[in-house]
Number of protein chains: 2
Amino acid sequence: MKKKQQNSITQMQELADLAGVSRSTVSRALSDSPLINKKTKEKIRALAKKHNYRVNEKARNFRLQKTNIITVVMMLDIKSEQHMSDPFFLDILGGIADTLSIHNYDLLLAHAPIHNILDLPDSRTFQQSDGVIFVGQGKQHENLNQIAGLDTPIIVWGANIPDKEYSLVASDNVNGGILATNHLIQIGRKKIAFFGDIEQPEIGQRYEGYKNALDKHGLKIDEQLIIDVPFEMHHARETLTQLIESNNKFDAVFCCTDVIALSAIATLNEHGISVPKDVSIVGYDDISMASYSNPPLTTVRQNIRWAGRVLVESILSKINGETIADTIIQSELIVRKSSVYKK
Amino acid sequence: MKKKQQNSITQMQELADLAGVSRSTVSRALSDSPLINKKTKEKIRALAKKHNYRVNEKARNFRLQKTNIITVVMMLDIKSEQHMSDPFFLDILGGIADTLSIHNYDLLLAHAPIHNILDLPDSRTFQQSDGVIFVGQGKQHENLNQIAGLDTPIIVWGANIPDKEYSLVASDNVNGGILATNHLIQIGRKKIAFFGDIEQPEIGQRYEGYKNALDKHGLKIDEQLIIDVPFEMHHARETLTQLIESNNKFDAVFCCTDVIALSAIATLNEHGISVPKDVSIVGYDDISMASYSNPPLTTVRQNIRWAGRVLVESILSKINGETIADTIIQSELIVRKSSVYKK
DNA sequence: CTGTATTTTGCAATCGATTGCAATTGCTAT
DNA sequence: ATAGCAATTGCAATCGATTGCAAAATACAG
């Protein structure tokens, strides 16, 4: 059934024989070693192409003890068994993938034991890759500290936690929280709710920013308006519905992700509450959907492409034995006006 | 700087020496071979754990010529240099990842040369994995046919194209198109536009369904309303704006993805055109955002989790040398009513 | 206790490349 | 022609596991 490939050579030795040189020479020629004479190199290259020879990557990986694979572990532990369905994940993944491919690395998407990442070092996933990028810390800061001591280099995208022992590319979540909250205060809001799971370090820091901003403007924090919302739309809907029905007054919500914010807008609309007339919403992430909601979403944007680049370049440096410094990625507020109805 | 791991053993031989057995026995014990006595096995296992020994996966992969990695290539070639930012990708990726992890496989996310997948066989990406899942065919049906002849097994999620030589898990896109279009006709729409790049086989088949449905109801196709829209929100906005300004009348749009549909809804709203009063919209994919738009989006849902499962199980069968049949995944129409404004 | 069958274990070849070092070839200058 | 040096190429060890087959250990029957 399967067409057999013509003319295919599988062993470097065969190619060496054909070229009338040794295996070493072939190996060097194909890896473009400066030791090999240009003509020899070309001859070997041509022959390789002609006979459809490709080095066996598994042998190569074994010999070099290196795979050119970086594992990306998505850590935001979603409470339900649902998936990482937040488009923000794709954005950051894309940023990482881009830079990886420039450096000729592949991206292994880890999935399995995020409940306890201490299992990771035992997994094939971990062993097969030259380094691991953790996206978010979830609630496993301590475990990350442990893993940081092992042989496989890691780097983490997340919040800056005091006694961390791993390298970090951090978003300035506190500042992001301040930006978002200040905006709401500036447009005259007083009773600003916070939606998000503050146990997640990143979200916790956005919450810090929120508190700072309220403080500075002499607004006090209403515990009733600090609401734990998992990263999923239907949770946001349910939570918000409860809030509305509870009769706790609020005139704005700072949502820790755009997905939650979009869900909030829809839910408010369903309840006949006008956004932004009655309630203002600010999100976080600036996913591409954000500008298409009704009204378009004001949000905090992290420079995710740059983050991806820094994450990759940092982990590669680590792999090369260099010591690296933490990086902080700036955030900015993206203000969107409600769309103008021409009707 | 880096903490050295205590008690760590790196070679199987060392562990064998400690256990007073041979390398073979250790190897067999760790891979749970029935040849090894239970007590011996336990002793070796305990020792391995105690000394923190893990088999070197690179050596293992080399020896077995197998990596337990499946590559997933996202094919919908987006015209801009933007990313796969459609949440639908994440959904299908999630489905695939789930099933892979059950079977103890890892997922390599391919990225690089989707412009011409004929380069893939030369890439590390291809070599490092035991099989490849292509998500969508893009416009590379012929190239897929070629690659199907090579040693690395592949499977494709996409449209059923007559002379294909690769294994396929197909969504019944034609039927999906019919479902969507019938719905619009049934609610009284006559001038139904189609948004999507019909050169993409999957989209082309949805378009077939659209034409069939119109035909059957005696509606004729208006070429002016068949509009090529790339998979990105801002393209959809621009395209739709042009359509509106062109004064071509239409009272419904069948959008080939939800992302386009959501963008369409927003754009229509901006122009003071009421959805669904003036124009009805139907999308495709049922991304989680779909039920949160205003109004909530009626759409066609493909059973993506099942698709992921079938894709994985098929490729694994192929890897094991079994011959496999194509599978068709059913679609269903999800009708959502506009939300009721209580105001 | 011996012979045979059955479990367990070990020997040694093998997977396919890379690379330090030694050997060879090719040049240049004397 | 030859020493001296640089540019090329080849030899052979090595990376760390798996596995077919043979050998040893154990169990069992007579």
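Each chain gets a letter, A, B and so on, in the order the sequences are listed, and its residues count up from 1.
Five base pairs at each end of the helix from C:dC1-D:dG30 to C:dT30-D:dA1 define two local axes, and these are offset by 40° (rounded to 10°).
Among B:Thr327, B:Val156, B:Val169, the one residue that satisfies the side chain to side chain contact (heavy atoms under 4.5 Å, CB included) test with B:Leu311 is B:Val169. Evaluated for a side chain to side chain contact (heavy atoms under 4.5 Å, CB included) with B:Phe126, the options B:Val132, B:Ile117, B:Asp119, B:Thr71 yield exactly one hit, B:Val132.
Under a 4.0 Å N-O distance rule, the pair B:Lys164/B:Asp326 qualifies as a salt bridge.
A nucleotide of DNA chain C counts as in contact with chain B when one of its atoms lies under 4.0 Å from a heavy atom; the first and last such, 5' to 3', are C:dT8 to C:dG16.
In this structure, B:Arg60 contributes its side chain and B:Gln65 its backbone to no donor-acceptor pair below 3.5 Å. In this structure, A:Thr67 contributes its side chain and A:Gln128 its backbone to a donor-acceptor pair below 3.5 Å. Remark: side-chain polar atoms of B:Asn61 are not paired, donor with acceptor, to backbone N or O of A:Lys58 under 3.5 angstrom. A distance-only check finds no donor-acceptor pair linking the side chain of B:Ser33 to the backbone of B:Ala29 [under 3.5 Å].
Applying the ring-ring contact (aromatic ring centres under 6.0 Å, His included) definition to pairs two or more places apart or across chains, none involves residues 12-40 of chain B. For residues 136-160 of chain B, the set of pairs meeting the ring-ring contact (aromatic ring centres under 6.0 Å, His included) definition, not counting sequence neighbours, comprises B:His141-B:Tyr166.
For the segment residues 33-42 of chain A, residues with any heavy atom less than 4.0 angstrom from an atom of DNA chain D are, sorted by number, A:Leu35, A:Ile36, A:Asn37, A:Thr40. Heavy-atom distances under 4.0 Å link DNA chain C to B:Gly20, B:Val21, B:Ser22, B:Arg23, B:Ser24, B:Thr25, B:Arg28 of residues 14-29 of chain B, given in residue order. Contacts between residues 58-65 of chain A and DNA chain C, defined by a heavy-atom separation below 4.0 Å, involve A:Ala59, A:Arg60, A:Phe62, A:Arg63, A:Leu64, listed by number.
Considering only residues two or more places apart in sequence or on other chains, A:Asp163 meets the salt bridge (Lys or Arg N to Asp or Glu O under 4.0 Å) condition with none of them. For the salt bridge (Lys or Arg N to Asp or Glu O under 4.0 Å) test, no residue two or more places apart in sequence or in another chain qualifies with B:Lys49. By the salt bridge (Lys or Arg N to Asp or Glu O under 4.0 Å) test, B:Lys43 is found to be paired with no residue, residues two or more places apart in sequence or in another chain being considered. Applying the ring-ring contact (aromatic ring centres under 6.0 Å, His included) rule to A:Phe62 yields the partners B:Phe62; only residues at least two apart in sequence or on another chain are considered.
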Can I get a per-line list of side-chain donor-acceptor pairs under 3.5 Å for residues 15-24 of chain A, giving both atom names and the distance, sequence neighbours left out?
{"from": "A:Asp17", "atom 1": "OD1", "to": "A:Gln13", "atom 2": "NE2", "distance (Å)": "3.0"}
{"from": "A:Ser22", "atom 1": "OG", "to": "A:Ser24", "atom 2": "N", "distance (Å)": "3.4"}
{"from": "A:Ser22", "atom 1": "OG", "to": "A:Ser24", "atom 2": "OG", "distance (Å)": "3.4"}
{"from": "A:Ser22", "atom 1": "OG", "to": "A:Thr25", "atom 2": "N", "distance (Å)": "3.4"}
{"from": "A:Ser22", "atom 1": "OG", "to": "A:Thr25", "atom 2": "OG1", "distance (Å)": "3.2"}
{"from": "A:Arg23", "atom 1": "NH1", "to": "A:Gln13", "atom 2": "OE1", "distance (Å)": "2.7"}

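No hydrogens or angles considered: a donor-acceptor pair under 3.5 Å links the side chains of A:Lys66 and A:Asn68.
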